[in-house]
Visitor: 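Mind having a look at this structure? Questions to follow.
The figures that follow rest on heavy atoms only: side chains count, while hydrogens, waters and symmetry mates do not.
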Amino acid sequence: MSGSQLWDDVDFYFSTHLAPEDEFLKAAVRDSEAAGLPHIAVTPPQGKLLQLLAQIQGARTILEIGTLGGYSTIWLARALPADGRLISLEYSARHAEVATRNIARAGLERIVEVRVGPALESLPKLADENPAPFDVVFIDADKANNANYVEWALRLTRAGSLIIVDNVVRGGRVIDSESSEPDVEGTRAAVELMSAHPRLSATAIQTVGSKGYDGFALARVLEQPEEPE
């Protein structure tokens with residue numbers, strides 16, 4: 001059995017036993033594929049991990065950067081209380097339309113809002129609204145801007161908040177310091193920012209599965225360091 005087939009089979013086993021998809025998640029995948037959206041959403045075990053992390057965090061507010069078809073959005077939103085709030089930022093109006101339908105069908109439209117436009121334009125507008133700090137930020141958008149998204153996540157969170165950055169391994173390309181690929185450069189910039197920033201305590205985990213070889217980074221927001229006297 002090839003490595004990739006084994007990864008697929010193990011993912012299926014864990015999905016079946018630990019992260020089964022209900023009809024709404026299956027429909028979100030089906031409709032996203034029918035609309036021609038790229039097949040890059042999180043897997044069921046990854047979606048369940050996001051949900052568990054948000055639940056462990058006791059999250060009431062979540063910011064998602066990168067909606068796609070709303071699959072990860074559904075997993076995350078289900079971690080929220082009835083009066084919780086999830087704002088998801090999506091560049092593509094077509095993707096957002098598919099996601100909005102998927103989210104509404106799952107009965108989550110009251111707590112989820114999808115905003116359309118480049119995230120680096122949507123984020124300043126969101127900040128101008130002076131929202132309550134987000135408890136969880138999930139970053140899964142264009143990788144070239146990962147460091148910018150982490151910076152914005154810091155502005156929109158508080159001490160104790162959790163920042164999750166998806167797809168940081170890039171099939172192992174993240175270690176190529178000579179790469180000029182925008183996704184690698186952006187990911188390395190984000191990792192180095194999380195390493196050096198005094199308000200972040202972070203780690204990264206490599207993963208394999210039906211989406212291949214990749215991984216994610218987790219960062220906890222710390223208290224603002226005291227200014228020296």
Visitor: At their closest point, which heavy atom of T67 faces which heavy atom of E90, and how far apart are they?
Guide: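 Looking at all heavy atoms of both residues, the shortest contact is N-OE1, 3.0 Å.
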
Visitor: Using every non-hydrogen atom in the two residues, find where P131 and L156 come nearest and quote the distance to one decimal.
Guide: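 Where P131 meets L156 most closely, the heavy atoms are CG-CD2, 4.2 Å.
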
Visitor: Do L154 and V165 belong to the same hydrophobic cluster, where Ile, Leu, Val, Met, Phe, Trp and Tyr are linked whenever their side-chain heavy atoms lie under 4.5 Å apart, directly or via other members?
Guide: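 Linked, L154 and V165 end up in one cluster.
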
Visitor: For residues V136 and A59, report the shortest heavy-atom separation together with the two atoms involved.
Guide: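 For V136 versus A59, the nearest heavy atoms are CG2-CB, 3.9 Å.
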
Visitor: Would you check if P38 and H95 make a side-chain contact, meaning some heavy-atom pair closer than 4.5 Å?
Guide: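 With C-beta onward as the side chain, the pair touches.
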
Visitor: Going through the distances and angles, do D31 and R101 end up as a salt bridge (Lys or Arg N to Asp or Glu O under 4.0 Å)?
Guide: CA-CA 9 Å; D31 286 7; R101 289 198 303 267; 5.4 Å; no

Visitor: About how many Å separate NZ of K125 and CG of L120, when rounded to the nearest 0.5 Å?
Guide: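 Between L120 CG and K125 NZ, I get 12.0 Å after rounding to 0.5 Å.
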
Visitor: Salt bridge check, D176 against R170: does any charged N sit closer than 4.0 Å to a carboxylate O?
Guide: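 Salt bridge between R170 and D176, a charged N being under 4.0 Å from a carboxylate O: no.
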
Visitor: Would you call P45 and L18 a side-chain contact if the rule is heavy atoms closer than 4.5 Å?
Guide: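 No, too far: nothing below the 4.5 Å cut-off.
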
Visitor: Do I62 and I164 share a hydrophobic cluster, counting only Ile, Leu, Val, Met, Phe, Trp and Tyr and linking them when any side-chain heavy atoms are less than 4.5 Å apart?
Guide: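 Yes, one cluster joins them.
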
Visitor: Against D135, only a single residue in R60, R158, R85 fulfils salt bridge (Lys or Arg N to Asp or Glu O under 4.0 Å); can you say which?
Guide: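 Among the candidates, only R158 passes.
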
Visitor: Any ring pair (Phe, Tyr, Trp, His ring centres under 6.0 Å) pairs touching residues 192-216, not counting sequence neighbours?
Guide: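 Qualifying pairs, neighbours excluded: none.
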
Visitor: Do the side chain of R220 and the main chain of L162 share a donor and acceptor less than 3.5 angstrom apart?
Guide: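 Not a single qualifying donor-acceptor pair exists.
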
Visitor: Centres of the H17 and Y13 rings: under 6.0 Å?
Guide: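 So the answer is yes for these two rings.
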
Visitor: Treating D11 as the side-chain partner and S210 as the backbone partner, does any N or O pair qualify as donor plus acceptor under 3.5 Å?
Guide: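 Here the side-chain-to-backbone pair exists.
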
Visitor: Taking the side chain as every heavy atom from C-beta outward, state whether Y149 and L89 have any pair of such atoms under 4.5 Å apart.
Guide: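 Not touching, per the 4.5 Å side-chain cut-off.
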
Visitor: First locate atom OG1 of T61, then atom CG of D83, and finally report the distance between them rounded to the nearest 0.5 Å.
Guide: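 T61 atom OG1 to D83 atom CG measures 10.5 Å (nearest 0.5 Å).
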
Visitor: Which other residues belong to the hydrophobic cluster containing V98, where Ile, Leu, Val, Met, Phe, Trp and Tyr are joined when side-chain heavy atoms lie under 4.5 Å apart, directly or via other members?
Guide: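 L37, I40, L68, which link up through side-chain heavy atoms under 4.5 Å apart, make up the rest of the cluster.
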
Visitor: Would you say Q5 and D9 make side-chain contact, with heavy atoms under 4.5 Å?
Guide: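 Q5 vs D9: side chains touch.
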
Visitor: Minimum heavy-atom separation for R188 and V174, please, with both atom names.
Guide: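 Minimum heavy-atom separation between R188 and V174: NH1-O, 2.7 Å.
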
Visitor: For the residue pair E21 / Y71, report whether a side-chain donor-acceptor contact shorter than 3.5 Å exists.
Guide: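 Looking only at side-chain atoms, E21 and Y71 do form a donor-acceptor pair, the distance falling under 3.5 Å.
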
Visitor: At what distance, to the nearest 0.5 angstrom, does CG of D214 lie from CG of D166?
Guide: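 Between atom CG of D214 and atom CG of D166 there are 6.5 Å.
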
Visitor: Given side chains that start at C-beta, do those of F138 and S88 come closer than 4.5 Å, heavy atoms only?
Guide: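 No, their side chains stay 4.5 Å or more apart.
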
Visitor: Check whether any side-chain heavy atom of H39 sits under 4.5 Å from a side-chain heavy atom of K211, and report yes or no.
Guide: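 H39 vs K211: side chains touch.
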
Visitor: Verify, without hydrogens or angle tests, whether R94 (side chain) and A35 (backbone) share a donor-acceptor contact under 3.5 angstrom.
Guide: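 Indeed, once roles are kept as given, a pair shorter than 3.5 Å links the two residues.
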
Visitor: Would you indicate whether R155, at its atom CZ, is surrounded by more than 12 heavy atoms from other residues, nucleotides or ligands within a distance under 6.0 Å?
Guide: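 Result for CZ/R155: enclosed.
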
Visitor: Taking all non-hydrogen atoms of both residues into account, name the closest pair between L86 and A77 and its distance.
Guide: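 Residues L86 and A77, closest heavy atoms: CD1-N, 3.8 Å.
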
Visitor: Quick check for you: to the nearest 0.5 Å, what is the distance between L50 atom CG and I74 atom CD1?
Guide: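 One finds 13.0 Å between CG of L50 and CD1 of I74.
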
Visitor: Would you say that more than 12 heavy atoms from the other residues, nucleotides or ligands in this model lie under 6.0 Å from the CD of E129, or not?
Guide: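 More than 12 within 6.0 Å, yes.
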
Visitor: With a 4.5 Å limit on heavy-atom distance, are the side chains of R78 and L25 in contact?
Guide: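 Of all side-chain heavy-atom pairs linking L25 with R78, at least one is under 4.5 Å.
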
Visitor: Could you report the tightest heavy-atom contact between A202 and A219, atom names first, then the distance?
Guide: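 The answer is CB-CB, 3.8 Å.
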
